[in-house]
Amino acid sequence: GAVVSQHPSWVICKSGTSVKIECRSLDFQATTMFWYRQFPKQSLMLMATSNEGSKATYEQGVEKDKFLINHASLTLSTLTVTSAHPEDSSFYICSARDDRGVTDTQYFGPGTRLTVL
Amino acid sequence: AQTVTQSQPEMSVQEAETVTLSCTYDTSESDYYLFWYKQPPSRQMILVIRQEAYKQQNATENRFSVNFQKAAKSFSLKISDSQLGDAAMYFCAYRSGQGAQKLVFGQGTRLTINP
């Protein structure tokens, strides 16, 4: 299967600072990437859909000014958590859509654990 | 809106035995895809199997197979010859064949393998 990486794998920051998380498709180009948030022992919650060269589409209830998404190239999308607070602490997962050929499938990065102190 | 329901929060099985995880979904669409993803303790989401709604034949991947009942909107996962490495959270997911290609996930089923 296709490979998706995320960096960093974990980050600890102080309240009020901003944190950037990178998501890269390593062996394919992804015009569409997705950002999810996962709380402990819960399912994945879609935050936004990131499209290369255009603005992200946010799910209802997700603050677009707090969670800035940039999909500047076909292999890279970034999520910036601005002015982070303890309630933003969570596990953030990205996925990239591989639409080569007939197998249109999302492949996931390993996730980033964010802890805001 | 589409919904996915996994009614079994936890399941356990003896090593080498067979286990079936349940999933039902609700949609009015005719063109869609269904997936099972596995999330082990590392939390890396791994695609286990996918099924196209237009295909009548049930998908299989080695020890993993599905029972796709389109009329009943049911999509169960059968794991044969369970191995210790199969222990994980399993998520059923739905994706429309049109539009944004978003995945809608079920609540997950935690599978424990007893040695």
Side-chain angles (χ1 to χ4, degrees), chain A residues 1-6 8-10 23 26 28 30-52 54-62 71 90-114, chain B residues 1-10 21 23-25 31-55 57 59 61-62 64 87-112:
Chain A
V3 180
V4 177
S5 70
Q6 265 183 258
S9 56
W10 59 270
C23 177
L26 298 185
F28 66 102
T31 55
T32 306
M33 292 185 176
F34 302 86
W35 287 95
Y36 298 85
R37 185 172 181 176
Q38 186 179 32
F39 291 103
K41 298 185 179 181
Q42 292 189 23
S43 188
L44 281 70
M45 181 190 77
L46 178 66
M47 299 174 65
T49 301
S50 170
N51 296 296
E52 188 268 337
S54 64
K55 291 184 179 181
T57 302
Y58 291 82
E59 295 299 301
Q60 190 172 7
V62 178
H71 194 155
S90 191
F91 193 68
Y92 293 88
I93 306 175
C94 74
S95 71
R97 180 186 174 193
D98 181 2
D99 57 2
R100 296 173 294 176
V102 297
T103 56
D104 189 341
T105 301
Q106 285 187 35
Y107 293 94
F108 286 80
T112 297
R113 181 179 301 281
L114 170 63
Chain B
Q2 294 79 23
T3 59
V4 177
T5 302
Q6 294 178 247
S7 59
Q8 305 156 316
E10 297 183 353
L21 308 184
C23 173
T24 58
Y25 60 96
D31 180 19
Y32 56 88
Y33 301 81
L34 297 166
F35 303 85
W36 279 97
Y37 282 90
K38 167 185 176 181
Q39 188 179 41
S42 68
R43 302 191 77 171
Q44 168 75 62
M45 294 286 285
I46 301 167
L47 176 65
V48 175
I49 201 165
R50 61 177 269 152
Q51 174 80 43
E52 292 85 348
Y54 64 85
K55 289 187 177 179
Q57 187 173 8
E61 287 287 343
N62 300 314
F64 299 88
M89 280 290 288
Y90 285 81
F91 292 99
C92 178
Y94 170 101
R95 199 196 82 204
S96 172
Q98 308 295 328
Q101 310 290 323
K102 299 187 292 186
L103 285 173
V104 178
F105 285 95
Q107 305 92 324
T109 297
R110 180 170 299 281
L111 178 64
T112 301

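Every heavy atom of this structure was used, including side-chain atoms; hydrogens, water molecules and symmetry mates were not. Note on naming: letters A, B, ... go to the chains in the order of the sequence lines (proteins, then strands), and numbering restarts at 1 for each one.
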Chain B shares the most heavy-atom pairs under 4.5 Å, among A:Q6, A:K41, A:M45, A:E59, with A:E59
Under the side-chain contact (heavy atoms from CB on, under 4.5 Å) test, which residues partner A:F39, sequence neighbours left out?
A:R37, A:Q42, A:S90
Between A:L46 and chain B, with a heavy-atom cut-off of 4.5 Å, which part of the residue counts as in contact: side chain, backbone, both or neither?
side chain
Quick one: salt bridge (charged side-chain N to carboxylate O under 4.0 Å, His left out) partners of A:K55, sequence neighbours excluded?
none
Side chain / backbone / both / neither for B:L103 at chain A, heavy atoms under 4.5 Å
both
When the ring planes of A:F28 and A:Y107 are compared, do they come out parallel, tilted or perpendicular, using 30° and 60° as the limits?
perpendicular
In terms of relative ring orientation, are A:Y36 and B:F105 parallel, tilted or perpendicular, with 30° and 60° separating the classes?
perpendicular
Please determine, by modelled atom types, if B:R43 and A:Q38 share a side-chain donor-acceptor pair under 3.5 angstrom.
yes
Cut-off 4.5 Å, heavy atoms of chain A, and the answer for B:Q39 is side chain
Pick whichever of A:S43, A:G111, A:G109 has the most heavy-atom pairs under 4.5 Å with chain B.
A:S43
